[in-house]
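Worksheet for the structure shown next.
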Amino acid sequence: MTVVTRFAPSPTGYLHIGGARTALFNWLFARRHGGKFLLRIEDTDRARSTQEAVDALLDGLSWLGLDWDGEAISQFARKDRHAEVVHQMLERGAAYRCYCTPQELEAMREEQRAKGLQPRYDGRWRDRDPAEAPAGVAPAIRLKAPQQGETVVHDRVQGEVRVQNTQLDDMILLRSDGTPTYLLAVVVDDHDMGITHVIRGDDHLTNTFRQLQIYHAMGWTPPEFAHVPMILGADGAKLSKRHGATGAEQYREMGYLPEAMRNYLLRLGWGHGDAEIIPTEQAIEWFDLEGIGRSPSRFDFAKLDNLNGHYIRQADDDRLVALTLPLLEKRLGRPLSEDERALLARALPGFKPRVKTLVELADGAMFLFAKRPITPDEKATALLTGDGKIVLRTLSDLFASAKDWTAASLEQVVRDHAEASGQKLGKLAQPLRAALTGSTVSPPIFDVVEILGRSETLARMEDAEKAP
RNA sequence: GUCCCCAUCGUCUAGAGGCCUAGGACACCAGCCUUUCACGUUGGCAGCACGGGUUCGAAUCCCGUUGGGGACGCCA
């Protein structure tokens with residue numbers, strides 16, 4: 001049997017990070033088994049389902065590198081088929097018409113709650129003669145659910161989960177306006193699309209009982225289910241806007257690499273022995289449902305940062321330049337020239353091991369393009385007084401007469417001077433760093449000197465000397 | 001409120017009754033490396049929620065308590 005999985009988000013305007021992990025698991029499982037990964041947009045709520053909202057979803061998935069097979073399917077477009085199935089159920093006596101008004105149902109629920117009961121439809125139209133139907137009321141169609149026994153979900157993550165059928169009521173399948181409800185649409189679509197494995201958030205676990213009843217009523221074979229525990233915020237509460245970034249594209253903006261996100265999301269709720277760094281190729285080889293944990297996990301930025309730093313170090317230089325370019329241009333408010341791009345490319349290796357995100361990379365590289373005189377930060381300024389100025393004067397002279405402008409030879413010049421004058425190298429390097437980068441933290445300073453070039457270096461040193 | 005699920009270091013996890021003196025990773029602390037900060041490397045801190053069982057033996061099985069999460073719509 002060929003594996004067919006799906007990701008079925010409703011368009012909320014962005015790809016929720018929990019949804020992203022669900023999509024990743026489905027994608028991985030399909031790729032692992034040489035199956036298909038389908039995408040279905042649950043767009044039956046017309047108000048929310050704008051084109052922008054759908055595009056945001058697709059963008060998020062594309063960024064994460066989760067490619068789906070075939071065209072994305074619109075659930076809304078399938079509403080006639082959903083209605084058709086409900087009418088089949090009506091014909092075979094598995095469903096019935098309910099003429100209750102929303103007000104009547106609300107009153108009923110209110111009464112039940114007052115008695116401390118679980119609010120449930122009491123089945124008042126289940127066996128009632130349709131001839132008693134009030135005139136002018138369009139009926140909703142409900143499932144004639146079993147009233148005895150129990151419904152059991154054999155879940156690949158949660159195990160065997162059972163509920164008494166008395167806990168479930170006769171759910172609405174088709175609204176009085178003829179549109180299908182979510183529970184029904186999902187089942188029909190999953191069946192028609194040939195989905196073999198439904199991997200989704202465990203907020204759907206209790207929905208599964210009702211969906212199973214629909215499968216049974218139609219005589220369809222249900223797919224395998226795997227309900228993945230949810231992702232919580234650092235404080236253990238359900239992940240929400242309050243926790244900051246909930247959308248995948250926000251992570252892109254914060255400078256995370258898609259491969260780092262994939263690795264992080266994979267390890268959040270799934271494990272394979274002691275493996276931590278799991279590139280996607282390896283993940284496809286290893287991914288299984290057995291490795292999914294059963295308890296909810298908390299989102300941890302520190303670990304994401306660590307992973308992102310790792311993947312930045314691994315990343316190809318040209319790619320990093322391309323990704324950082326727009327961030328720099330936004331900061332500078334102008335495009336980078338060819339020369340400046342080359343400068344960035346040469347400086348990149350120095351930044352790679354010291355940044356966790358592309359944003360940090362862009363921030364760190366800004367000094368390269370700053371207009372003279374640069375503005376040193378507080379700590380750097382402190383290094384550029386008294387002794388610092390003397391150091392710069394001396395180094396300026398040494399550099400000015402240097403015949404070979406390379407990091408190695410310039411470093412040798414400074415080292416020789418340090419030794420001759422009995423000073424520690426750091427004593428000389430720090431004022432230099434402050435003068436050239438405006439900071440006390442930077443890539444190796446002689447690399448910076450080489451990359452900046454003779455004239456810019458000497459000019460910045462002079463600026464710092466002259467500064468009050 | 002009713003029903004369902006869950007419970008190992010601060011966080012993510014390994015653990016399928018004896019391989020557990022509970023392992024790894026992140027974070028944190030210290031040493032080394034070093035021109036800064038990182039990277040790298042060495043070491044350290046830190047956990048089986050609690051209470052009962054079952055068993056020769058329990059982090060692992062059972063029950064309860066507590067705590068957390070989810071579901072209860074003519075939303076998805």
Side-chain angles (χ1 to χ4, degrees), chain A residues 8-12 42-45 48-49 75 98 100-102 105-106 109 112-113 115-121 138-142 153 155 157-159 161-164 167-169 171-177 179 181-183 185-186 201-210 227 229-230 232 234 236-238 264 267-277 291 293-307 309-310 313 350-356 364 379 383 411 414-415 418 424-430 432-434 437 439-446:
Chain A
S10 52
T12 50
E42 314 240 303
D43 53 358
T44 52
D45 182 340
R48 273 196 286 175
S49 304
Q75 184 161 68
C98 168
C100 291
T101 61
L105 292 172
E106 191 39 53
R109 276 192 286 265
Q112 289 164 334
R113 269 191 286 262
K115 286 185 199 162
L117 298 169
Q118 182 181 12
R120 281 205 302 270
Y121 177 65
I141 299 177
R142 288 183 182 271
V153 178
D155 193 271
V157 174
Q158 308 290 343
V161 186
R162 50 185 70 226
V163 71
Q164 294 301 312
Q167 295 294 327
L168 275 17
D169 62 4
M171 78 190 108
I172 290 179
L173 268 12
L174 208 60
R175 301 188 185 98
S176 49
D177 66 359
T179 59
T181 58
Y182 164 76
L183 252 14
V186 167
D202 75 358
D203 48 337
H204 290 287
L205 182 58
T206 49
N207 282 335
T208 310
F209 297 124
R210 311 180 109 93
H227 286 94
M230 318 209 68
L232 273 23
K238 189 178 182 176
Y264 178 71
R267 281 288 289 105
L268 194 62
W270 181 86
H272 188 270
D274 285 341
E276 296 289 348
I277 302 293
R294 277 166 305 172
S295 52
S297 36
R298 303 182 187 205
F299 198 94
D300 180 18
F301 272 98
K303 191 143 186 172
L304 209 212
D305 280 349
N306 175 271
L307 243 14
H310 170 83
R313 274 170 253 138
F351 287 109
K352 275 170 97 170
R354 2 197 150 239
V355 298
K356 304 286 187 213
K379 285 182 187 169
L383 283 170
E411 177 176 347
V414 178
R415 278 186 187 279
K424 286 214 164 193
L425 187 55
K427 183 84 176 156
L428 305 176
Q430 278 307 81
L432 180 58
R433 188 187 315 280
T437 70
S439 167
T440 53
V441 175
S442 82
I445 195 58
F446 299 107

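Throughout, protein chains are lettered first and strands after them, A, B, ... in sequence-line order, and every chain is numbered starting at 1.
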(Q) So A/E42, base contact, sugar-phosphate only, or nothing? Heavy-atom distance under 4.0 Å. (A) sugar-phosphate
Q. In whole Å, what separates the P atom of B/C20 from that of B/G1?
A. 44 Å
(Q) Just N and O in the side chain of A/R415: are any of them under 4.0 Å from OP1 or OP2 of B/U35? (A) yes
Q | Integer angstrom distance from the C1' of B/C5 to that of B/G17 | A | 25 Å
Q: Rounded to whole angstrom, note down the P distance from B/C74 over to B/G69.
A: 26 Å
Q: In whole angstrom, give me the gap between the P atoms of B/A46 and B/G10.
A: 11 Å
**Q.** Distance-only donor-acceptor test (3.5 Å): side chain A/R433, base B/U35
**A.** yes
Q. Is there a donor on the side chain of A/D274 or the base of B/G23 sitting less than 3.5 Å from an acceptor on the other?
A. yes
Q: For B/U8 versus B/U13, give the span between their C1' atoms, rounded off to a whole number of Å.
A: 9 Å
Q: Considering just the side-chain nitrogens and oxygens of A/R175, establish if one lies under 4.0 Å of OP1 or OP2 belonging to B/C75.
A: yes
**Q.** Heavy-atom donor-acceptor pair, A/S297 side-chain to B/C12 base, under 3.5 Å
**A.** no
Q: Mind checking A/K424 for me? I need base, sugar-phosphate or nothing, with any heavy atom below 4.0 Å counting as a touch.
A: nothing
(Q) Between A/Y264 and A/A237, which residue's closest nucleotide on RNA chain B lies nearer the 5′ terminus? (A) A/Y264
Q. If you measure from the P atom in B/A58 to the same atom in B/C50, how many Å do you get, rounded?
A. 15 Å
Q. Which is true for A/L432 with a 4.0 Å heavy-atom rule: it touches a base, it touches only sugar-phosphate, or it touches nothing?
A. nothing
Q: Indicate, with a heavy-atom threshold strictly under 4.0 Å, whether A/S442 touches base, sugar-phosphate, or nothing.
A: base
(Q) Quick one, A/S10 and A/Y182 - any side-chain contact, counting heavy atoms below 4.5 Å? (A) no
Q) Base, sugar-phosphate, or nothing for A/P9, non-hydrogen atoms under 4.0 angstrom? A) nothing
Q.
OP1 or OP2 of B/C39 versus the side-chain N and O atoms of A/K356: is any pair under 4.0 Å?
A. yes
Q: Would you indicate what A/R267 reaches in the nucleic acid, counting non-hydrogen atoms under 4.0 angstrom: base, sugar-phosphate, or nothing?
A: base
Q: Would you mind classifying the nucleic acid contact of A/R162 as base, sugar-phosphate or nothing, using non-hydrogen atoms under 4.0 angstrom?
A: sugar-phosphate
Q.
Counting only side-chain nitrogens and oxygens, does A/R210 get under 4.0 Å of the OP1 or OP2 atom of B/A76?
A. no
Q) Where each residue is assigned the nucleotide of RNA chain B containing its nearest heavy atom, which of A/V163 and A/R354 is assigned the position nearer the 5′ end? A) A/V163
**Q.** Electrostatic pair A/E106:A/R113 at N-O distance under 4.0 angstrom
**A.** yes
Q | G-U wobble or Watson-Crick pairing nucleotide for B/G1 (cut-off 3.5 Å, both distances) | A | B/C72
Q: For A/H204 and B/C3, give me the distance from atom NE2 to atom C1', rounded to whole Å.
A: 18 Å
Q: Using the C1' atom as the reference point in each nucleotide, state the distance between B/G70 and B/A76 in Å, no decimals.
A: 15 Å
Q | A/R109 and A/Q112: side chain donor to acceptor below 3.5 Å | A | no
**Q.** Side-chain donor/acceptor contact of A/K303 with base of B/A27 under 3.5 Å
**A.** no
Q. With a non-hydrogen cut-off below 4.0 angstrom, is A/L268 in contact with a base, only sugar-phosphate, or nothing?
A. sugar-phosphate
Q. Would you call A/D300 and A/K303 a salt bridge, using N to O less than 4.0 angstrom?
A. no
Q) Counting only side-chain N and O atoms of A/N306, is one of them less than 4.0 Å from OP1 or OP2 of B/A25? A) no
Q: Could you check how far NE2 of A/H310 sits from P of B/G40, rounded to whole Å?
A: 9 Å
Q | Rounded P spacing from B/G51 to B/C45 in Å | A | 25 Å
